[in-house]
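Please read all numbers here as calculations on a predicted model, not as lab measurements. So you know, we letter chains A, B, ... as the sequences are listed, proteins then strands, and number each from 1.
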Number of protein chains: 2
Amino acid sequence: MQPSLPTRTAALPVAAARPLAPNLRDAPRTGTAQRIADTLQLIAGVLEPKRRIVHAGDVIYRAGDRFEHLHLLNAGFFKLISLSSDGREQVVGLRFRGDWLGFSAIASGSFGCDAIALDTAEVWTVRYDALMQACISHPALMAIVHEAMSQEIVRDRDSLMTICTLPADARVAAFLHDWAGSLAARGLRADQFSLRLTRAEIGNYLGLTLETVSRVLSRLAKAELIAFHGKSRRDIAIPDVHALAAYVERRDPTAGLH
Amino acid sequence: MQPSLPTRTAALPVAAARPLAPNLRDAPRTGTAQRIADTLQLIAGVLEPKRRIVHAGDVIYRAGDRFEHLHLLNAGFFKLISLSSDGREQVVGLRFRGDWLGFSAIASGSFGCDAIALDTAEVWTVRYDALMQACISHPALMAIVHEAMSQEIVRDRDSLMTICTLPADARVAAFLHDWAGSLAARGLRADQFSLRLTRAEIGNYLGLTLETVSRVLSRLAKAELIAFHGKSRRDIAIPDVHALAAYVERRDPTAGLH
DNA sequence: CGCCAAATTGACTGGTATCAAGCTACGTGG
DNA sequence: CCACGTAGCTTGATACCAGTCAATTTGGCG
């Protein structure tokens, strides 16, 4: 979409909106990770969710399914894929521990996308009506739910801004930076991890082709902003997160609205 | 971003996700318009919101403002503009009668974008804590708020999909179709209306430049899918909404994920 | 009436998509 | 344990959509 670096659009939403936990050793039990743990504990105490283990490729819900339950991720990774009427697919979101699945179905009463596990994961499931009831007796729970929905809105806007304003290189870099940030915020290892998506899926998520994603990754590796750790070429190492963030930001500082 | 019509990406989210009210005479007081009216009435009854009239250019809140209030639009149009750390702007949303403003600030406690009136409008304002209280005593109100937030999530995803999968022509067409749909759903005239955005703002919203928007509009007019009604070139007429929808859909029907 | 923002249009450039081979990793069965 | 098939990935050559630069016209408003 947008051309190269001296773009008229540009911006840097990712770093501003979701600052990385500086290091997993600095904030393992104090920041987001603790908040997530607290949320899970509250839900577990109040609602007795059904817990289950799912595996890579398993589907929690499909587009068209009737909405009755919300899901909360206790462990693992999910992708959300929206299907258009003419059969196209679009990755519209990625989910980590502490994230909810299913908010988007509340309004219409049925799901508009598939939720697919990217690896072994633990999902907690609650009935939406039960959750509503619980919110009435436990205002703290209502606040948590609202915050989660609010955060999802913010995240979606960040995605939009990334895609609208960044050229391909920066989009991929922002994606990696974001992923690392999500891991770090949950106390997981962020300097070295395995992408659980194919190049095609990453490209789809970012509005790029798989070839472009592949090229950008090769370029980033050559610039030593990332490194391929394992053999699979999905194992990414990020030697310096700040350098990656700086790379995303390094856009032409002129211009306003397009 | 994506090339022309035979795109590898493509999709048709808009029509599927937010079907147009077929005609404002068919469903003036039965569908969405009625639901919006009911919502407004409930809010008015339960919360006694502060009401005020604002004018084009007026700002309801700015990025960085502390979050305390939610706003509900009783009349008029708003744009939401997100500001990145390096000063770039991105139109992240458009709002109509019945839409809420401010959900995205719940999570962080402060606003991440500006809300700016596009013309004279009436805004109802309620304190968030008062709303939370009211939700406890009025479960129907809680359901309404959840639905509104859910709908905002769906809308954001639709935007993402439009931008990720459609070439410039279709994006602009989808934008017009969407705008017309929003008007129709509220019982307003949808076959002829005034865009309240500049070409630059439309382009920013769609991830395009103002020149591209201008060219596409000229092309759509030449193809008689739209017409310039007034003198200002922001007054658009849509002789046949279905033709416009068909134009958006007319993508290459092959391929899956990129 | 004249200024200025907004819009239009043209010529040109360039970033990504597209098309096309190969290559690599991994699982499966012999 | 290794051959083989296949899905995923990389890389190169080329095409083309949309961005960029620039000049002009239009419309709104004081």
Side-chain angles (χ1 to χ4, degrees), chain A residues 1-10 56-57 88 118 163-173 194-204 206-222 226 228-236 251-252 254-258, chain B residues 1-10 56-57 118-119 163-173 194-204 206-222 226 228-236 251-252 254-258:
Chain A
M1 148 193 300
Q2 306 306 42
S4 63
L5 298 208
T7 291
R8 273 214 241 172
T9 4
R88 301 310 173 75
L118 292 171
I163 289 170
C164 273
T165 66
L166 297 181
D169 310 30
R171 260 185 259 183
V172 175
S194 170
L195 292 175
R196 280 165 169 85
L197 301 171
T198 65
R199 305 292 193 252
E201 287 169 323
I202 296 170
N204 180 280
L206 298 174
L208 303 168
T209 57
L210 68 94
E211 294 95 329
T212 298
V213 174
S214 179
R215 275 187 253 269
V216 170
L217 288 174
S218 297
R219 236 175 286 150
L220 291 174
K222 195 169 295 174
I226 65 169
F228 293 107
H229 188 257
K231 52 261 82 203
S232 85
R233 287 225 130 205
R234 286 199 207 175
D235 297 319
I236 304 280
R251 349 249 76 266
D252 174 7
T254 52
L257 288 177
H258 281 268
Chain B
M1 148 195 293
Q2 305 306 43
S4 62
L5 298 208
T7 291
R8 274 213 238 170
T9 359
L118 292 171
D119 70 343
I163 289 169
C164 273
T165 67
L166 297 181
D169 311 31
R171 261 184 259 182
V172 175
S194 169
L195 292 175
R196 281 168 169 82
L197 301 171
T198 65
R199 305 290 192 253
E201 288 169 323
I202 296 170
N204 181 281
L206 298 174
L208 303 167
T209 57
L210 69 92
E211 294 93 330
T212 298
V213 173
S214 179
R215 274 187 255 269
V216 170
L217 287 174
S218 297
R219 235 174 288 150
L220 290 174
K222 195 167 299 175
I226 66 170
F228 293 107
H229 188 255
K231 55 261 79 202
S232 85
R233 287 226 128 200
R234 287 197 206 176
D235 296 320
I236 303 281
R251 346 254 78 264
D252 175 6
T254 52
L257 287 177
H258 281 267

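Of all heavy-atom pairs between A:Ile202 and A:Val213, the closest is CG2-CG1, 3.9 Å. Across all non-hydrogen atoms, the minimal contact from A:Leu195 to A:Arg199 is CD1-NH1, 4.4 Å. B:Ile163 and A:Cys164 make their closest contact through CD1-SG, 3.6 Å (heavy atoms, listed as atom of the first residue, atom of the second, distance).
In this structure, CD of A:Glu201 is placed 12 Å from C1' of D:dA7, rounded to the nearest angstrom. For B:Ile226 and C:dA7, the CD1 to P distance is 13 Å, given to the nearest whole Å. Here the P atom of nucleotide C:dT8 and the NZ atom of B:Lys222 are 12 Å apart, to the nearest Å. Regarding B:Leu206, its CG atom lies at a distance of 16 Å from the C1' atom of D:dC17, rounded to whole Å. Taking atom NZ of residue A:Lys231 and atom P of nucleotide D:dA7, one finds them 23 Å apart after rounding to whole Å. In this entry the distance linking CG of B:Leu208 with C1' of C:dG15 reads 15 Å, nearest Å. Separating the CZ atom of B:Arg219 from the P atom of C:dA7 is a distance of 17 Å, rounded to the nearest angstrom. Summarising the geometry, the separation between CG on B:Asp235 and C1' on D:dT26 is reported as 14 Å, rounded to the nearest angstrom.
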Could I get a table of every N or O pair under 3.5 Å where one atom is in the protein and the other is in nucleotides 8-14 of chain D?
| from | atom 1 | to | atom 2 | distance (Å) |
| --- | --- | --- | --- | --- |
| D:dG8 | O3' | A:Arg234 | NH2 | 3.4 |
| D:dC9 | OP1 | A:Arg234 | NE | 2.9 |
| D:dC9 | OP2 | A:Arg199 | N | 2.8 |
| D:dT10 | OP1 | A:Arg199 | NH2 | 3.0 |
| D:dT10 | OP1 | A:Arg233 | NH1 | 2.3 |
| D:dT10 | OP2 | A:Arg199 | NE | 2.7 |
| D:dT10 | OP2 | A:Arg199 | NH2 | 3.4 |
| D:dT10 | OP2 | A:Ser214 | OG | 2.6 |
| D:dT10 | O5' | A:Ser214 | OG | 3.1 |
| D:dT10 | O5' | A:Arg233 | NH1 | 3.4 |
| D:dT11 | OP2 | A:Ser218 | OG | 2.7 |
| D:dG12 | N7 | A:Arg215 | NH1 | 2.8 |
| D:dG12 | O6 | A:Arg215 | NH2 | 3.2 |

For DNA chain C, the expected dot-bracket line (Watson-Crick or G-U under 3.5 Å, [ ] crossing, | inter-strand) is ||||||||||||||||||||||||||||||

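By the 4.5 Å heavy-atom criterion applied to side chains, B:Arg219 and B:Val172 are not counted as neighbours. Using a 4.5 Å heavy-atom threshold, the side chains of A:Arg233 and A:Leu217 count as separate.
Listed by chain and number, the residues in a side-chain hydrogen bond (donor to acceptor under 3.5 Å, both in side chains) with B:Ser214 amount to none (sequence neighbours excluded).
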Set out, in order, the CA-CA distance, both residues' side-chain angles and the distance that settles side-chain contact (heavy atoms from CB on, under 4.5 Å) for A:Ile236 and A:Phe228, then state yes or no. CA-CA 5 Å; A:Ile236 304 280; A:Phe228 293 107; 3.8 Å; yes

A:Thr198 and A:Arg234: side-chain contact (heavy atoms from CB on, under 4.5 Å), yes or no, with the steps? CA-CA 8 Å; A:Thr198 65; A:Arg234 286 199 207 175; 3.4 Å; yes

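Not one N or O on the side chain of B:Arg196 forms a donor-acceptor pair closer than 3.5 Å with the backbone of B:Leu118.
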